There are 2 protein chains.
Amino acid sequence: MPVSFAEILSSAPGSFSHACPTRTVLDHVMSRWGVLVLAALSDGTLRWGELRRAVDGISEKMLGSTLRTLTADGLVARRSLPSVPPHVEYSLTDLGRDLTERMLPLLAWISDNAGDIVERGEAVAAVQDSSRLDV
Amino acid sequence: MPVSFAEILSSAPGSFSHACPTRTVLDHVMSRWGVLVLAALSDGTLRWGELRRAVDGISEKMLGSTLRTLTADGLVARRSLPSVPPHVEYSLTDLGRDLTERMLPLLAWISDNAGDIVERGEAVAAVQDSSRLDV
DNA sequence: CTGTATCCAATTCGATACTG
DNA sequence: CAGTATCGAATTGGATACAG
């Protein structure tokens with residue numbers, strides 16, 4: 001049976017209200033780069049440089065910032081091997097794996113339907129050219 | 001069988017790369033307010049004022065902007081009844097319903113685990129006080 | 001190789017005020 | 001009731017340079 005938003009809210013009253021921890025997690029996890037880093041790690045351990053290449057377009061600043069947040073949240077594990085040159089590995093924790101398991105179907109759907117969606121969005125954009133959320 | 005990110009990428013090469021439409025959709029759908037608006041509508045049709053109350057903390061500007069984007073994307077339908085005072089209803093399209101179906105399990109998980117996550121995050125924050133992604 | 005620090009541009013967002 | 005317009009503050013994010 002499909003879960004409903006109302007059921008989520010009633011089982012955890014106050015969920016997703018302004019000051020709720022769920023909002024914080026939502027911001028970390030659903031952030032522009034958070035999703036992509038988690039998705040990249042869902043296939044296995046990656047090093048800093050590999051992650052940088054895997055997540056196309058991310059800057060070093062954002063990679064560092066995102067990794068620090070996700071690590072602090074206990075979703076990503078950082079393992080530093082004491083070697084020269086440095087060798088650092090990032091991987092999902094059990095919690096992180098649990099999360100990505102639920103995230104991947106969503107990403108798969110987006111991958112399948114993105115074409116239709118932006119096509120539609122651009123057609124509308126051509127007509128009404130007021131400010132929109134991104135492009 | 002669980003879908004893997006590698007499988008998603010191989011079935012749609014170039015997915016989630018910098019200039020790919022998937023990135024645009026990701027930004028719309030996983031945006032701070034996009035998720036919450038879609039989730040609110042997943043339980044049924046809502047009017048402007050109801051949405052404003054349902055999505056705690058959203059400003060009128062962001063509600064308008066988010067609704068315009070999601071409507072343009074074909075995820076949300078807008079129905080205006082010609083009455084005085086105005087009566088406008090927002091609901092999910094079939095595409096939108098399809099999307100939220102895959103989104104709700106993720107939200108349910110976050111609702112369940114948010115407590116543990118921010119607790120951990122704050123403990124770390126107390127130690128290392130450099131700039132972090134949000135708080 | 002693995003990051004951090006700094007500067008600066010662009011964007012986001014909220015508050016407020018206003019219109020049909 | 002259902003929005004739009006404008007403004008300014010805060011945040012984001014990228015480029016670059018630099019450090020362990």
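Predicted model only: the values in this text are computed from it and were never measured. Just so it is clear: chains get the letters A, B, ... in the order the sequence lines come, proteins before strands, and each one is counted from 1.
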Would you confirm whether T69(A), through its side chain, and S65(A), through its main-chain N or O, come within 3.5 Å as a donor-acceptor pair? yes
Protein-nucleotide distance (L63(A), atom CG; dC1(C), atom P), rounded to Å: 14 Å
Within the distance-only criterion (no hydrogens, no angle test), does the side chain of T93(A) pair as donor or acceptor with the backbone N or O of G74(A) below 3.5 angstrom? yes
If you compare all heavy atoms of F16(A) against all heavy atoms of T22(A), which two are closest, and at what distance to 0.1 Å? N-OG1, 2.8 Å
Here the distance between atom C1' of dA10(C) and atom CG of D27(B), to the nearest Å, is 15 Å
Examine dG3(C): is either OP1 or OP2 under 4.0 Å from a nitrogen or oxygen in the side chain of Y90(A)? Give yes or no. yes
Spacing between L67(A) atom CG and dG13(D) atom P, to the nearest angstrom: 14 Å
With the threshold set at under 4.0 Å for non-hydrogen atoms, list the residues of residues 36-49 of chain B touching DNA chain D in residue-number order. R47(B), W48(B), G49(B)
Atom CZ of R68(A) to atom P of dT12(D): distance rounded to whole Å? 13 Å
Do any side-chain nitrogens or oxygens of R78(A) fall under 4.0 Å of OP1 or OP2 in dG3(C)? yes
Whether E89(A) and R79(A) form a salt bridge (side-chain N of Lys/Arg under 4.0 Å from carboxylate O of Asp/Glu) is what I want to check. yes
Its contact letters, B for base, S for sugar-phosphate only and - for none at protein heavy atoms under 4.0 Å, make nucleotides 14-20 of chain C read B--B--B
